[in-house]
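What you are looking at is a predicted structure, and each value in this text was computed from that prediction instead of being measured. In listed order, ligands and their atoms are each counted from 1. We're numbering straight along the sequence, starting at 1.
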Amino acid sequence: MKFTVLSLFPEILQAYFESSIMAKAIERGIVDVELVNIRDFAADRHRTCDDAPYGGGPGMVMKAEPLAAALDSVVSEVVNTGGRRTVFPTPSGRLFTQQVAQRLAVEEHLVLICGRYEGIDQRIIDLYVDEELSIGDYVLSSGEIASLAIIDAVYRLVDGVIRGESLIEESHSAGLLEYPHYTRPEVFRGLKVPDVLLSGHHAEIERWRAERMREKTMAVRPDLLAESERTSD
Ligand code: 6GU
């Protein structure tokens, strides 16, 4: 799977792509990443990428021409035209969830546009964007961090990136929050690891973990519990 990210600050993204699991996935040829600096496609002497909004109002808007030129430079080697999707992360998009991540993980090529300032010229959305996605109900100052959140959630679902068991465990627990994890030592600052985890009784451990998941979900995300009961079996 290939990710192309268009940004005015590609250096923000660089360190992430050079880090642990992602770097390994790239090295193994499972994931390919391309960073495009939008400013390289600005035509004027000052390499202007933003301008004041028509109709007035606060802030600046990312100009259409440099973005369009940057998007036109992106080459896809997809076998079918359905294999490429262009995503614009924005707080006004639809909510990005694990289900959306699963749907995107089967695409061959994802192109992400990182916005800055008040937003991007609407005509770029009209002409190039397949979907607008928000990572949650809060506002970030730019699209880079949202793009990384989306890429991270998607690429780990691509075949071969992480061990299958971890993903199976996740899908079993679909819709519920995780049980608590412990590793050595057995006692830390007076707090002991629950006996059941040291018992070796796999069925009991499984039951204990399922109870903790329900309990935790009930306490902090009752909305998820209702949803998971509605969709289970
Ligand atoms: Cl995708 N972008 C920005 N700038 N802020 C956000 C967001 C995206 N999702 C939630 N807040």
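- With hydrogens and angles disregarded, a donor-acceptor distance shorter than 3.5 Å links the side chain of Ser199 to the backbone of His201.
- Between the side chain of Arg39 and the backbone N or O of Pro66 there is no donor-acceptor pair closer than 3.5 Å.
- The residues lining ligand 1, counting any heavy atom closer than 4.0 Å, are Pro89, Thr90, Pro91, Leu133, Ser134, Ile135, Gly136, Tyr138, Val139, Leu140, Ser142, Ala146.
- Checked by atom type and distance alone, the side chain of Asp130 pairs as donor or acceptor with a backbone atom of Thr86 at under 3.5 Å.
- With respect to the salt-bridge test (charged N to carboxylate O, under 4.0 angstrom), the residues Asp40 and Arg47 qualify.
- Tyr16 and Tyr155 have perpendicular rings, their planes meeting at more than 60° on a 0 to 90° scale where under 30° would count as parallel.
- In this structure His202 satisfies the side chain to side chain contact (heavy atoms under 4.5 Å, CB included) test with no other residue, sequence neighbours excluded.
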